[in-house]
Amino acid sequence: MDTSSAPPPASSNVPDLLRVGTIPDNTAIDVETDILDSVVFNQTFCRFQLQNKGILHSNSKISISASITSASNVRAFFPANVGVHSLIDRAVLKAGTKTLCEVEDFAHFTAYQSLFISGEHNKEREAYTTGRVMNHEPFYLNGSIEGHDVNSSNASFVGQQNASALTKGIQIDRDLDCFAGDTEYTTPLSFGDVRLNNFQMVGYNPQFQINLSDLFPFLKTAQLPLYMMKEPVSLELFWTDRNASNRVCAESAQTYNFNVDIVQTKTQMIADYIYYPQEMMTAYAQQNANLSFAYVDYRLAKRTLDESSARNLILNIGGAGRICNKVVQMLTLDSDTGDILPLANFNSTGPAPSVTLEDVASVNGSLTNNLRYNDHFLFPVDVDNSARHFHNIVQTEGKVPFVVRQEYAGEGLVLGGQFEGYSNATALTNKFFYIANRLNRNERINSRGIEAYVDYQTLTAGTYTARFYIELVRMAQLSDGMLQIEYA
């Protein structure tokens with residue numbers, strides 16, 4: 001009698017090769033890496049062409065380098081919170097002539113995404129890979145070192161234990177103590193100034209890298225089956241304005257009288273193609289001849305405001321007829337540039353606080369915010385408390401932003417020290433005031449779209465740009481090697 005059992009269906013032996021995550025540990029995987037030069041390159045635009053082979057790994061990289069074309073002795077660096085991402089204005093992923101994913105004002109979008117990178121990750125990895133250095137650490141009063149501006153106000157500290165943490169600020173890869181006195185809240189001393197390493201300065205032509213999954217967030221959960229696609233897949237990058245003072249930042253009090261060019265020979269794509277056993281990849285392609293998957297894409301709505309027009313404002317930010325998951329809001333002062341802030345223009349300004357240490361008359365500015373869609377408000381009562389705004393970010397993203405209270409809403413008075421000559425208390429206060437809300441009814445937006453109710457109080461004078469990113473659900477269907485894309 002034949003006791004052998006029938007082989008299981010082929011589908012049970014073929015895991016989901018496109019999902020980012022674990023697969024059976026007995027599956028052999030080969031990775032082939034290609035270093036691709038751009039097929040089109042200038043100081044405004046760049047395009048890379050991928051080969052239709054294997055499965056594109058989501059952590060493939062774009063390497064980018066920039067150089068100063070004049071005044072090369074200036075201390076210039078990429079913005080502390082976004083790093084080399086400041087060079088990219090728009091990122092587009094295309095299959096043939098169809099746009100699969102697109103992010104506009106990419107550096108501003110990255111500034112929000114960078115909130116959720118931990119300080120130790122910034123210090124130990126991002127500082128070397130992307131140029132992001134937003135690592136918060138306490139600054140200690142060092143009373144054990146003589147000769148550092150020892151005067152009558154701090155002479156009694158000499159020889160004492162170094163255990164008094166006065167403030168918090170940005171630290172790179174070395175500990176900074178050496179504060180001398182009690183004036184760090186307002187006037188940090190010269191030796192309380194954190195300086196970047198030489199390899200992080202633009203004058204040394206550093207080469208950094210960006211993950212594809214950072215350029216196109218949907219790649220964090222899915223990978224592209226290039227071997228199943230007959231259309232060419234291309235990646236397009238639109239650079240930030242060469243003459244604008246936002247590609248990089250200059251040290252404090254430095255005149256921004258130079259241009260920064262992106263180096264073509266060092267701007268490449270490191271594409272990793274994943275190969276599983278041939279029979280597995282063939283079986284997966286046969287079983288998924290009509291492959292469809294959902295992913296999220298972002299659409300930007302923005303408007304120019306000033307301190308008066310930002311009061312009692314109702315804005316239609318789009319989304320009509322779409323499925324929308326969340327809305328991210330930011331407000332940027334247009335005059336913030338790389339010679340004024342170490343963040344350049346890539347930040348979000350909040351209502352100006354009126355806060356002084358131990359002053360009972362101190363008040364904080366506020367933003368009254370709500371969203372209206374499908375004839376209902378998201379919140380029954382408008383939200384105006386900064387702590388609740390922060391809580392809503394946590395609820396929307398499922399993770400906590402790594403910023404201190406003073407950076408978010410001007411509260412707390414904990415920032416001190418300097419970064420490249422900039423006072424942290426001045427440059428970082430109230431510059432991370434992002435708003436995020438998750439739409440909680442799982443409904444398709446009607447033809448009226450989403451309306452944002454905005455009331456910024458006590459903004460400082462100036463011209464602002466308000467940006468609203470809405471996360472939309474899209475569907476892609478791969479049939480016989482041809483990709484069709486539509487909104488869900």
Side-chain angles (χ1 to χ4, degrees), residues 20-22 57-65 77-88 91 103 106-139 165 167-176 194-202 206-221 248-249 270 272 328 330 341-344 346-348 390 393-408 414-415 417 419-420 422 424 427-428 431-434 436:
V20 174
T22 60
H57 197 292
S58 295
N59 284 336
S60 298
K61 317 289 185 185
I62 300 290
S63 69
I64 303 179
S65 179
F77 55 95
F78 293 110
N81 59 330
V82 299
V84 75
H85 300 82
S86 64
L87 298 178
I88 301 176
V103 180
F106 174 76
H108 289 277
F109 179 79
T110 301
Y112 171 73
Q113 299 293 335
S114 298
L115 292 178
F116 308 100
I117 300 177
S118 65
E120 59 266 25
H121 196 83
N122 274 318
K123 179 177 181 179
E124 298 173 3
R125 180 175 176 81
E126 296 295 318
Y128 304 95
T129 57
T130 66
R132 287 183 280 206
V133 293
M134 286 297 296
N135 168 45
H136 299 86
E137 293 188 23
F139 291 164
T167 58
K168 289 183 179 180
I170 299 177
Q171 292 198 24
I172 311 303
D173 58 0
R174 59 182 71 89
D175 290 333
L176 179 70
V194 171
R195 293 282 168 165
L196 291 164
N197 295 292
N198 288 340
F199 72 87
Q200 295 165 315
M201 308 306 296
V202 181
Q207 189 168 9
F208 291 111
Q209 64 185 29
I210 300 175
N211 281 4
L212 288 192
S213 58
D214 290 335
L215 287 170
F216 310 107
F218 85 94
L219 290 177
K220 294 182 185 294
T221 57
V248 299
C249 299
I270 298 94
D272 292 332
V328 177
M330 60 193 74
L341 289 179
L343 312 176
F346 312 117
N347 61 78
S348 183
F390 190 90
I393 295 180
V394 178
Q395 294 298 105
T396 299
E397 302 292 345
K399 45 193 174 183
V400 179
F402 289 89
V403 293
V404 300
R405 292 172 59 201
Q406 189 172 350
E407 291 174 332
Y408 184 73
V414 296
L415 291 174
F419 174 74
E420 287 291 333
Y422 294 95
N424 288 323
L428 304 182
K431 289 300 182 181
F432 295 83
F433 191 74
Y434 293 89

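Sequence positions, counted from 1, serve as the residue numbers for this chain.
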>> Working note: Phe419 + Val133, criterion side chain to side chain contact (heavy atoms under 4.5 Å, CB included); need CA distance, chi angles, decisive distance, verdict.
In response: CA-CA 11 Å; Phe419 174 74; Val133 293; 3.9 Å; yes
>> Taking the basic N atoms (NZ, or NE/NH1/NH2) and the acidic carboxylate oxygens, is any pair closer than 4.0 Å for Arg195 and Glu420?
In response: yes
> Under the 3.5 angstrom rule, does the side chain of Thr110 hit a backbone N or O of His85 as a donor-acceptor pair?
Replying inline: no
> Do Gln406 and Leu428 pass the side chain to side chain contact (heavy atoms under 4.5 Å, CB included) test, and can you show the C-alpha distance, the side-chain angles, and the key distance before you say yes or no?
Replying inline: CA-CA 8 Å; Gln406 189 172 350; Leu428 304 182; over 6 Å; no
>> Using every non-hydrogen atom in the two residues, find where Ile270 and Ser60 come nearest and quote the distance to one decimal.
In response: O-CB, 3.3 Å
> To the nearest 0.5 Å, what is the distance between OG1 (Thr129) and CD1 (Ile210)?
Replying inline: 10.0 Å
> To the nearest 0.5 Å, what is the distance between OG (Ser58) and CG (Asp214)?
Replying inline: 11.0 Å
> Are any non-hydrogen side-chain atoms of Ile88 and Ile62 less than 4.5 angstrom apart?
Replying inline: no
> What are the two closest non-hydrogen atoms of Tyr434 and Phe346, and how far apart are they?
Replying inline: OH-O, 4.2 Å
> Between Ser65 (side chain) and Pro206 (backbone), is there a donor-acceptor pair under 3.5 Å?
Replying inline: yes
>> With side chain to side chain contact (heavy atoms under 4.5 Å, CB included) as the criterion, how do Tyr408 and Ile393 come out once you've worked through the C-alpha distance, each side chain's angles and the decisive distance to 0.1 Å?
In response: CA-CA 12 Å; Tyr408 184 73; Ile393 295 180; 3.8 Å; yes
> Hey, what's the ring geometry for Tyr112 with Phe116, parallel, tilted or perpendicular (30° and 60° as the breaks)?
Replying inline: perpendicular
> Is the shortest heavy-atom distance from the side chain of Phe432 to the side chain of Glu407 under 4.5 Å?
Replying inline: yes
> For the atom pair NE2 (His121) and CG (Asn135), what is the distance rounded to the nearest 0.5 Å?
Replying inline: 12.0 Å
> Can you check side chain to side chain contact (heavy atoms under 4.5 Å, CB included) on Leu215 and Phe106, steps first, answer last?
Replying inline: CA-CA 8 Å; Leu215 287 170; Phe106 174 76; 3.6 Å; yes
>> Please find the pair of heavy atoms, one from His136 and one from Phe402, that lie closest to each other, and give the distance.
In response: CE1-O, 3.5 Å
> Considering all heavy atoms of both residues, which atom of Asn347 and which atom of Ala344 are nearest to each other, and what is their separation?
Replying inline: ND2-O, 3.1 Å
>> Distance check, rounded to the nearest 0.5 Å: Ser114 atom OG versus Glu126 atom CD?
In response: 7.5 Å
>> Quick one: does any side-chain atom of Asn424 pair with a main-chain N or O of Leu415 as donor and acceptor, under 3.5 Å?
In response: no
> Any idea which heavy atoms bring Pro401 and Val394 closest together, and the distance?
Replying inline: CD-CG2, 3.9 Å
>> Quick check: do Thr130 and Phe78 have side-chain heavy atoms less than 4.5 Å from each other?
In response: no
> Sequence neighbours excluded, which residues qualify as salt bridge (Lys or Arg N to Asp or Glu O under 4.0 Å) partners of Glu397?
Replying inline: Lys326
> Rounded to the nearest 0.5 Å, what separation is found between the CG atom of Asp272 and the NE2 atom of His57?
Replying inline: 6.5 Å
> Residues two or more places apart in sequence or in another chain: which of them pass side chain to side chain donor-acceptor pair (under 3.5 Å) with Asn211?
Replying inline: Asn59, Lys61
> How far does SG of Cys249 sit from CG of Asn81, to the nearest 0.5 angstrom?
Replying inline: 8.0 Å
> Between Phe109 and Pro217, is any pair of side-chain heavy atoms under 4.5 Å apart?
Replying inline: yes
